[in-house]
Structures are given as structure tokens and as C-alpha cells.
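In what follows, every heavy atom counts, from backbone to side chain, and hydrogens, waters and symmetry copies are set aside. Counting starts at 1 for both ligands and their atoms, following the listed order. Keep in mind that what you see is a predicted model, and the values were worked out from it rather than measured.
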Amino acid sequence: MTARIIMKLDVIGREPAGDGTIRLIFKHPWRDTLPEWTPGAHVDVRLPDGKIRQYSLIGDPRRKDVYVVAVKQETDGRGGSRWIHDALTPGTQAHVTAPRNNFPLTAHNGRTVLIAGGIGVTPLLSMARALAERHADFVLHYCSRTEHAPLLDELRAICGEKLHLHTSGGSRFDAAAVLGQQDPSSAQVYCCGPDRLTASVRAATEGWNPDAVHFEIFQPTLDENFKAEPFDVTIASSGQTIRIPADRSALDVLRENGFILPSSCELGVCGSCECGYRDGIVIHRDSVLKLSARQDRMMLCVSRARVSVTVDL
Ligand code: FES
């Protein structure tokens, strides 16, 4: 586990990016370079109440001095985007973490299919730029309610004819039709957008190798009917066993017992609290770990165990 650096960055630019979205540019007050990142990476922006919101980096990773994000004002959201729209203007500062990439592009020789819904296009923008620069075989399907979708001008400039815009009043996105034309043995699919879109992509790729289909989730998808039970955590290095009550997270109780553990979202979406485990049946409740990683990794903020688990601490 590694803690993420948190930096106080200056807002040095802000401009409209379509459909109630702003593009924000952050720079360190005195350093010329910021921690590096790769397409698909996000940063966490801390709100005044201590909560965080994750935003994908949409700039050019070769430009080391700034981070660029796009923030859509969500009228029915949890208030974070409203604060950012109201408060972050040039000359102000925000606490921003070093980037983390839970949604990296996999190197491969086949076609890459990017599928975005609304502001979910942000992680795919930097991927599209990287794929276009290396003249890779890719296509971007972008679903939007209107023709004025966020970041559309930039996407058109990057993708050209590889961009397919699907709007409510125009050509609708049909996941089964689009993905039915791909070769599952060579294509890689990356999807970010609302639940309905990701569900349709999951359904259309059922039977594909799970490592060929990638999702970026920014909202927790926790089952509200889940009934938590207490369980025991054994510390691999010492053999100490710690009881986790039904109403507490392993992350909280381990911290209370002196373990210094990183976290950020505490909702199972950012990947900060990932920990190795062995000897136990884990109930995975996060939205970030890949299936193949769930055999021996867990998110301490939301995941639990049946009866007991031994963690690599
Ligand atoms: S703190 Fe974000 S996944 Fe656990």
C-alpha cells in the first residue's frame, strides 16, 4: 500500500467545455513538474467537507507542468461539482492528489473500442489521443443527450472519422450491434458512463475474456440491501487477530489498532486502500478491482470477509 501525495495546486485556467462542463487547469505554485500519469488516470480533488471527487486527466501527459480536468455541473449530483463550479476560478487553490490509474490502456495489436456516455468521456479522451498518435486501430462511440456534448470539439480534432456521436435525437448507440462486429479474440473495450450504458456493454461482451473489457466507475455501486456481518482480520506479519464489527469497515478498525493505511474515496471506487489477502473468503464490494485481482487483493474500505481473512500487513 502506498499513500498518495496530496498537493495544494493553483487554478491557472478555466474555460467552458460544452454542456455545462468546465475545463480546469491546475499548476503547482512553485514546482515545474507534477507527478507523471498515463492515459486513463485520474486525480482526486478534495472538497471543503473532506470528501473527494475523482476527475480523469484530459491533458497531454507529455506536458509535465499542468493537470487538466473537465467537470460537469451535475444538478442532481452530490454537490461536489457545484462547489467546484462556484469556487474554483483562476487564482484559487485546491487540494489535488497525485494521479492514479485504475483504467490503463493495455498494449495490444487489435482494435480498441472506446465507449463513453456523457462526461464519462474524460478518461477516454486521453486514451484516444494516445491511440491516434500511434496510428492505432481504434474507434470512439460517444453517447450524449444532445449535439453539444462535453469536449466535443477536442474529440473531433483528435479522432476525426473515428468518432461516432450518438444522440437521443440521432443515431442511438446499440451495444450489441457495435460489439457484435468486433473480434473478441483481438479487440479491447474501454467503457465509462452511466449504469445503463455499462450494463449494455457488459451484456454485449458476455463470454468475452474479462481482461479484454474494461470499465471505469466513479460512482459507488454498493448494494443497499447488503447485510454486513462481523468478521476477523488476522495480520499476516504478526498473527494478531482483530474483530471487525458489522457496522465498521476493516479500514477504520485497523487504523484504530495503529495501522497507518492510505485511503481516499472510502467508497470502493478509487483503489487507494487496496491490500493483499490470503486464507479467507472475501466479499468484494468495490467497483475498482479486476476479476483476476480479486483472488488475492481486496479494498479495506468496503469489502468484508466471510468469518475471517488474513491480510498482508
Ligand atoms: S479508499 Fe477508495 S477504494 Fe478504498
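- Here the rule is side-chain hydrogen bond (donor to acceptor under 3.5 Å, both in side chains) with R278, and of T310, D296, D312 only D312 fits it.
- With side-chain heavy atoms closer than 4.5 Å counting as contact, directly or through intermediates, W30 stands alone and belongs to no larger hydrophobic cluster.
- For E154, the salt bridge (Lys or Arg N to Asp or Glu O under 4.0 Å) test picks out R23, R129, with sequence neighbours left out.
- Side-chain atoms of R255 and N257 include no donor-acceptor pair closer than 3.5 Å.
- Apart from L291 itself, the hydrophobic cluster it occupies contains nothing, where clustering links Ile, Leu, Val, Met, Phe, Trp and Tyr at side-chain heavy-atom distances under 4.5 Å.
- Inside a sphere of radius 2.8 Å centred on atom 4 (Fe) of ligand 1, the protein N/O/S atoms present are C273 SG, C301 SG.
- Across Y142, F138, Y190, a single residue satisfies side-chain contact (heavy atoms from CB on, under 4.5 Å) together with L124, and that is Y190.
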